[in-house]
Each structure stands twice: as C-alpha cells, then as structure tokens.
Amino acid sequence: MASSAIPILSPPGTASTNSTTTTTTTTTTTTINGGDDTSTSMSAITTNTFSNRNSIGAAAKTNASNPSAKPVSLTNSNKARTCRNVVIHGFCKYEGKGCEFNHDVGKSSASVSSPEISKAKLHVNSPVFKPSSLSSSSVKADAVNAPEFVPKGSQDANPQPGPVYSDPRQLPHPYVPTMPNNLLNSMNNLTGNYSQFGINDMPMPGSMQGSYYGEAPVNNYYYQGSGSMLQQPLQYHLYNTPLPHVSNLLPHQKTIHGFFISDNLREELHRKNEATLQTVSAQEYGLPEELHEYHSLYPLDATQEKSTEVFGYQSSVYKSMCSVDGRTYCLRRIESFRLSNELAMQTIEGWRRIRHANIVSVREAFTSKAFGDHSLIFVYDYHPCSRTLYDIHFGPQAQLASQVVVGAPKNTDYNIHERVLWSYLIQLTSALKKMHSAGLAARLVDPTKILVTGKNRIRLNCCGIMDMLTFDSAPNMTLLQQDDILNLGQLMLTLACKSLTASHNISKSVDYISQHYSQDLKNIILFLMSQPGPMKTVDQIIAMLGSRVLQEVNDVQNANDVLEGDLGRELENGRLARLLMKFGFINERPEFDMDPAWSETGDRYIIKLFRDYVFHQVDEAGLPVLDVAHVLTCLNKLDAGVDEKIMLMSRDELSCLIVSYREIKTCIESAFRDLSKSK
Ligand SMILES: Nc1ncnc2c1ncn2[C@@H]1O[C@H](COP(=O)(O)OP(=O)(O)OP(=O)(O)O)[C@@H](O)[C@H]1O
C-alpha cells in the first residue's frame with residue numbers, strides 16, 4: 001500500500017452536524033412506538049423509498065421538535081412537496097409508480113439551488129444525526145417488526161410519467177467515498193499484486209521455501225514479475241508509513257497506523273514467524289525425516305563451510321519441530337563424535353536448570369546415527385532471525401561499512417557505540433554470574449557463540465557442549481571460570497577495537513580504546529584481561545560496572561514501555577476481532593432454536609443491518625466502499641457502546657431505523673448470550 005493515511009473524523013463528539021439537519025426536512029416520519037418518541041430508544045422511520053442502499057452517513061430527521069409525533073399519512077398535499085429521493089439521489093424509482101411527492105424538480109429552481117441539496121452529499125464519514133430528545137435505553141422489538149411502508153398505488157397499471165432530467169447539472173451531487181484516492185488506488189494495487197501470489201505461481205514444492213542461500217527472493221517479492229517467486233509472500237508492507245503529504249494531520253485526525261503496532265515491530269514479528277515456519281525437503285537436503293523426537297529439520301548455517309575451530313569438531317545447526325510439544329527448537333549437531341563415557345550425559349543436567357535472559361536455554365542432549373555417523377545432538381531454545389555477534393560486527397556487511405569510514409575520526413559509526421559496549425558487558429556479566437553461581441562455566445565467550453536475538457539483546461549460546469566434549473579430561477571449574485572472565489575481557493577488547501586480532505597487540509589496542517572510549521571502559525577491560533591475583537570474581541566486575549547498570553535498567557524499562565504501548569494498541573484490535581467473531585456467529589445463521597428465521601428477526605435483524613452499514617456500503621455507481629477507517633470507527637464506537645445514533649437501512653430500501661451504537665451493542669450481547677446459553 002503506497003499510502004494508508006486515512007484522516008478519520010474523530011472523536012465522535014467533535015463531528016460537525018450541519019448536514020444532519022438540512023438533509024431531512026422532507027422526510028416523512030413515522031414513529032413506531034405509539035408516537036412517544038421521547039421515551040423510545042429507537043425510532044424506525046419508514047419512508048417511501050431511499051435508493052442507493054447503504055449509502056449511509058446521511059442523517060435522518062426524527063420529529064424531535066414534536067415529541068408526540070403521530071404517524072403521518074401521505075395525502076394529495078404531498079404533491080406540492082419535492083420528493084426526497086429526487087433531492088438526495090436525483091431520481092425516484094417510484095416516480096410514476098405511486099410516489100405522491102413532487103418529482104418536477106427541473107421546473108423548481110429553488111429546489112436545485114437550495115442549501116438542502118448542496119449539503120446533502122452522502123458521505124461515509126458524514127456526521128450522524130443525534131436527536132437531542134431521543135433517549136437510548138433498549139430497542140423495542142416491535143420497532144423491528146414494524147410494517148414496511150408500501151407506497152399507495154404502487155400497483156398502478158397506468159403510472160404518470162415523471163419529469164426527465166435533460167440537464168445533468170440539475171442532479172444533486174453523487175456520493176463520493178471518503179477514502180483518499182491514493183489509499184483506494186493502493187488498495188486496488190494490492191489486490192492486484194496479491195492475486196499474483198497464487199499457489200500455482202510458486203514453484204516451491206520440494207525445494208527450499210526460503211532465502212536460505214541468499215538467492216534474494218526478497219527482491220523478487222518487491223520487483224514482482226521480474227523473476228520466479230521463491231518465497232511465500234507475507235503482507236509485511238501492507239501498511240507503509242504514511243507519506244509526508246498525508247501525514248500532516250490535524251490534532252483530532254488519525255492515520256490508519258495509529259490503530260496498529262509500529263511497522264518495524266510488526267515486520268520483525270512477521271519475519272520471526274516466517275522463519276519459524278520455514279521448511280525444506282528432507283530428501284533434497286539429505287536430512288533425516290526424524291531425529292529422536294524431532295522432525296522437519298531446517299539448516300540454519302549461513303554457509304556450507306564447517307569450521308572445527310571452536311569445538312574441535314565440525315558442527316551444524318538446524319531448526320526443528322518437537323513432536324512431543326509441537327514447539328520449535330534449535331538442534332546443534334557435533335559431527336562424528338563418539339561418546340565414550342555415558343556419564344558425560346549427566347553434565348547437561350546442570351545446564352537444563354539454568355534459565356536466564358542472556359543464556360540460550362539448554363533442553364537436552366542425545367546421540368544419534370540418523371545422519372549416518374555418530375553425532376552428538378544438543379537441543380536449545382530457538383530464537384528466530386537471530387545472528388551471531390560475529391556476523392553483526394565482523395560479518396561481510398560490517399566489513400563493507402568499515403571500508404567506507406577508514407580513517408574516520410573518533411566516535412564515528414565505525415566504532416561500536418560505547419553505550420552498546422556497556423550493555424553487552426552488563427548482559428554477559430549477568431549471564432556469567434548465573435553460571436558461576438551454579439558451579440558452571442561458559443567456556444565459550446566467543447563472538448560466534450553469542451546470539452543477538454533483538455536490538456542489542458545478546459545471549460550466550462552453546463552452553464554445555466564443551467563440558468561433554470572434554471568430559472574425560474576432568475577440567476578444574478575454578479580455572480574455567482577465571483578463563484570465562486579473561487575471555488570476556490578479550491571479547492570486549494575485540495569489540496572496542498573492532499578487530500579480531502586486537503588481543504595480538506594489547507598495548508596498541510589499549511591505546512586505541514583510550515583514544516576512542518572512556519577511562520572507565522578501558523579500566524574494566526584491563527581488569528578483565530589482567531592475571532588473576534589471587535582470583536577474580538564476577539562480583540568484582542559488577543562492582544566496577546556501578547551506575548552503568550542503572551543506565552541499562554533505565555534503557556530496558558524504556559524499551560519495555562514502548563512495547564507495552566504497542567501491546568495496548570493490539571489489545572484494542574483484539575477487542576474488535578472479538579466483535580467481528582460475534583458478528584460471524586450471529587449473522588446469516590441458518591437456524592437457531594428450531595427457528596430458521598432467527599438471524600433475520602428481532603435484535604438480530606438490527607445486527608444484520610448494522611453489518612451492512614459497516615461493511616456493505618456502496619457508492620453511487622454501486623461499487624463497494626472499502627473504507628477501513630469507517631469500519632474501525634464504527635466498531636470502536638460499537639465496542640464502547642456510545643449513544644451516537646446512526647441510520648440503518650433495510651436491503652429493500654423500504655425502511656430504515658435510527659438506532660444508537662449502545663442499542664446495537666445490547667442487541668449483539670443479547671443475541672450472543674442466546675447462542676452461548678444453548679450450549
Ligand atoms: N539457538 C538458536 N536459535 C536460532 N538460531 C540459531 C541458534 N543457534 C544458532 N543459530 C543460528 O545458526 C547460525 C549458525 O550458528 P553457528 O553457531 O554455527 O555460527 P557460525 O558463525 O556458523 O559458527 P561456526 O563457524 O562455529 O559454525 C547462526 O548465525 C544463527 O543464526
């Protein structure tokens with residue numbers, strides 16, 4: 001969608017009402033409930049006809065000034081009055097078929113130029129008429145069952161010919177949808193584009209359905225038609241950010257984006273869902289169909305190259321689905337490793353108990369021959385779309401960025417921002433604290449084994465692997481914990497200097513840090529890398545972090561507030577979704593309680609008319625009006641049960657009801673209660 005800024009006239013009370021009193025002066029009003037419309041919750045107005053079904057938003061007049069209004073019968077005196085259909089729509093389809101009003105508007109210049117007509121433009125967002133004298137309590141059933149008006153003499157075999165408009169300017173303004181043209185166009189475009197995404201167009205079966213080997217299906221997606229579609233498209237960009245020329249709205253106006261979570265977050269969540277659901281053909285990729293309790297393996301390694309640097313063995317990583325709990329996990333396979341001592345398996349138990357925000361949780365470990373060799377498999381929590389710290393700061397993209405800024409002055413984009421470095425340090429220290437307190441050691445504080453699972457959000461990965469791989473050598477845990485601290489220092493040095501070889505020349509690296517970062521950061525890195533004398537502990541690091549921890553807590557809480565705001569907006573949408581579900585349960589239900597007409601009678605009839613009002617409006621050409629803002633506004637008002645009144649029109653255009661959102665809400669609740677009681 002190129003642009004989806006929809007100015008919405010809100011809040012309800014601020015809408016102008018000038019068109020409401022002027023469009024209704026010729027309406028023949030019939031008050032259903034004995035004429036006592038001050039105590040009537042809903043007025044049913046029966047007119048000779050309202051053409052252009054559901055072009056609602058025009059106001060209807062109730063006889064508010066006359067509380068004891070009685071039904072008015074049509075008499076010959078009406079011949080002197082201009083037919084309202086002609087006034088609103090330019091023609092009356094009952095003209096010559098019994099409609100008694102005057103259709104000879106062409107000769108009456110007053111009726112053409114009257115303010116009545118100029119203000120009678122029907123409009124989805126037109127403010128609705130809110131009669132001051134009508135109270136709203138509940139809808140009387142007899143209002144719904146009120147007899148429909150049938151014009152006298154409609155069966156007349158010799159209808160009088162009505163006036164013919166020779167000059168189109170005499171016709172009143174046609175209905176103009178309120179949706180901005182650009183939105184309408186973009187919606188049309190979208191519809192067109194999505195029609196291209198038929199299953200037949202996607203040559204995916206049996207092949208990888210993702211962008212795993214960087215074949216850039218994303219480009220295909222954005223440049224549709226320029227290549228084959230490899231990826232099931234997601235509606236990431238269904239709501240683009242508003243274009244500048246439509247985003248300068250008045251304070252009381254809202255864009256469509258105001259109703260939903262931010263684009264970035266929505267896209268990120270979509271991407272994560274997509275990544276979690278991606279599959280490949282096991283046969284094609286030489287993967288086992290099943291591995292212990294896991295199936296649907298999907299390789300996560302970005303390259304085919306397998307290094308033995310970290311573990312001493314080749315390893316590979318897969319996403320997979322657990323057949324026991326249906327969840328997605330990450331499997332790390334240590335290839336060609338034969339477990340000689342069964343006791344080594346017990347080392348994983350300590351790790352299974354660790355739950356920490358900066359540690360990728362370990363689920364279990366097992367051996368398998370499913371790959372045709374002796375493999376050791378570790379199962380971890382799966383974090384979709386995560387990348388390693390190495391990828392982010394030393395991967396091809398980061399290198400490209402560094403080339404641009406070679407020789408750049410202090411604190412340019414080339415260096416990692418100091419606040420990010422402190423954040424990493426605090427998170428990793430927190431993870432180490434948890435492990436060391438549990439008598440464990442990370443043993444892998446390495447940029448390739450630290451996952452970045454969100455913005456500056458890191459987690460230590462691959463915990464427990466080294467314990468099992470080196471079980472026989474019975475390593476000393478105290479020394480391993482000292483190594484963790486040393487490795488943390490080296491990692492920070494590497495990141496601060498943005499160089500993988502920073503630890504080869506420590507004095508030069510420290511010089512670089514003192515030039516580009518604060519004294520505090522340099523001191524803490526030096527402490528981490530210093531020889532233990534006698535022993536360094538994580539608590540000492542925490543003491544040195546000092547007030548930086550407070551800064552981190554503040555940042556985290558701010559981020560939390562933003563997410564809570566987004567959650568709040570989705571909560572609103574959740575309410576609307578529930579309303580729509582209730583509509584679905586009630587509307588067009590073929591039968592309930594032995595009554596085939598249940599969904600068409602009583603309260604349900606009003607609900608049906610309201611559904612038409614919200615979703616089935618048409619413009620003057622009979623084309624559907626697809627105004628998302630109108631739908632959202634109506635549903636929000638319905639959910640809130642506001643007293644604002646709207647006019648609902650029957651599909652045969654012979655009768656209409658004036659009813660408040662509060663009353664419709666009561667109808668829905670009552671109908672839904674009936675349905676749920678029947679269970
Ligand atoms: N728990 C996990 N959840 C989700 N994705 C993961 C998880 N662990 C690893 N990955 C993904 O798998 C990819 C490969 O991980 P791996 O640890 O093998 O990194 P690597 O850089 O390839 O290291 P090595 O050179 O040792 O193979 C990572 O980039 C990451 O996207």
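As the structure lists them, so they are numbered: ligands from 1, and atoms in each ligand from 1.
- Side-chain atoms of Thr478 and Gln482 include no donor-acceptor pair closer than 3.5 Å.
- A cation-pi contact links Arg333 to Phe371, judged by a cut-off of 6.0 Å to the six-membered ring centre and 45° from its axis.
- A centroid separation of 6.0 Å or more is found between the aromatic rings of Tyr517 and His417.
- Interatomic distance, CZ of Arg338 versus CG of Asp373, reported as 10.5 Å (0.5 Å rounding).
- Taking CG from Leu376 and CZ from Phe311, the interatomic distance works out to 10.5 Å, rounded to the nearest 0.5 Å.
- Checked by atom type and distance alone, the side chain of Ser281 pairs as donor or acceptor with a backbone atom of Glu284 at under 3.5 Å.
- Within 4.0 Å of ligand 1, counting heavy atoms only, the contacting residues are Leu300, Asp301, Val317, Cys330, Arg332, Val360, Asp381, Tyr382, His383, Ser386, Thr388, Asp391, Thr448, Lys449, Leu451, Asn461.
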